[in-house]
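Some notes on the structure that comes next.
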Amino acid sequence: MKDNTRRAIALIAASIINKNNYSSVYDYSDSQHFNISCQITSNNVNAFDYSIQKHISGSGTQNNYSLFHYGNSKHINLSVKNNSFDGYDYDSQKHFNGTINGNSITLYDYEFTKYFNYSV
């Protein structure tokens, strides 16, 4: 999964699980903040990644969301349950999963077979 996609998924998952609209995410791999605005309304997700000037948006029912990343022109499936999330990135054609602990996010990317850490 691309770095910017991973960051956006981490922030979107945290927004859904924590029921909070965040505007930035800290990527520990890059040691910097990235501005990504995210609004969750009803069953809709609308995010904008300022680093690549692209939207990530979609909709879902309670726990399952179908998103479209306009930078990659590919879909992303995202499911959330309690404090965890998982899904599939059609750009990398790989699965991912993760956990949310307050403002901390850990995401496992099956493309790189490694964990990535973020905070919102």
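- Asn20 and Ser15 share no side-chain donor-acceptor pair at under 3.5 Å.
- In terms of modelled atom types and a separation under 3.5 Å, the side chain of Asp27 and the main chain of Ser29 share a donor-acceptor contact.
- Between Phe96 and Ile76 the shortest side-chain heavy-atom distance falls below 4.5 Å.
- Applying the salt bridge (Lys or Arg N to Asp or Glu O under 4.0 Å) definition to pairs two or more places apart or across chains, none involves residues 10-22.
- A donor-acceptor distance shorter than 3.5 angstrom exists from the side chain of Asn21 to the backbone of Ile40, with no hydrogens or angles considered.
- Separating the NZ atom in Lys94 from the OH atom in Tyr88 is a distance of 8.0 Å, to the nearest 0.5 Å.
- Tyr108 and Asp86 form no side-chain donor-acceptor contact under 3.5 Å, judged by distance and modelled atom types alone.
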**OP:** Under the side chain to side chain donor-acceptor pair (under 3.5 Å) rule, what do Asn35 and Ser24 come out as? Steps first, then yes or no, please.
**Re:** CA-CA 4 Å; Asn35 292 326; Ser24 72; 4.8 Å; no
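- If you check the side chains of Thr5 and Asp89, you find no donor sitting under 3.5 Å from an acceptor.
- Between Ile16 and Leu78, the closest side-chain pair of non-hydrogen atoms falls below 4.5 Å.
- Only one option out of Ile105, Asn63, Thr99 pairs with Phe85 in a side chain to side chain contact (heavy atoms under 4.5 Å, CB included); it is Ile105.
- The shortest side-chain heavy-atom distance between Cys38 and Asn46 does not fall under the 4.5 Å cut-off.
- Atom CZ of Phe112 has more than 12 heavy atoms from other residues, nucleotides or ligands within 6.0 Å.
- Here the shortest heavy-atom pairing between Leu107 and Ala10 reads CD1-N, 4.3 Å.
- Donor-acceptor pairing under 3.5 Å is lacking for the side chains of Asn82 and Ser84.
- Under the 4.0 Å criterion applied to side-chain N and carboxylate O atoms, Asp49 and Arg7 are not assigned as salt-bridge partners.
- Partner of Tyr22 under the side chain to side chain contact (heavy atoms under 4.5 Å, CB included) criterion, out of Ile12, Ile36, Asn103: Asn103 alone.
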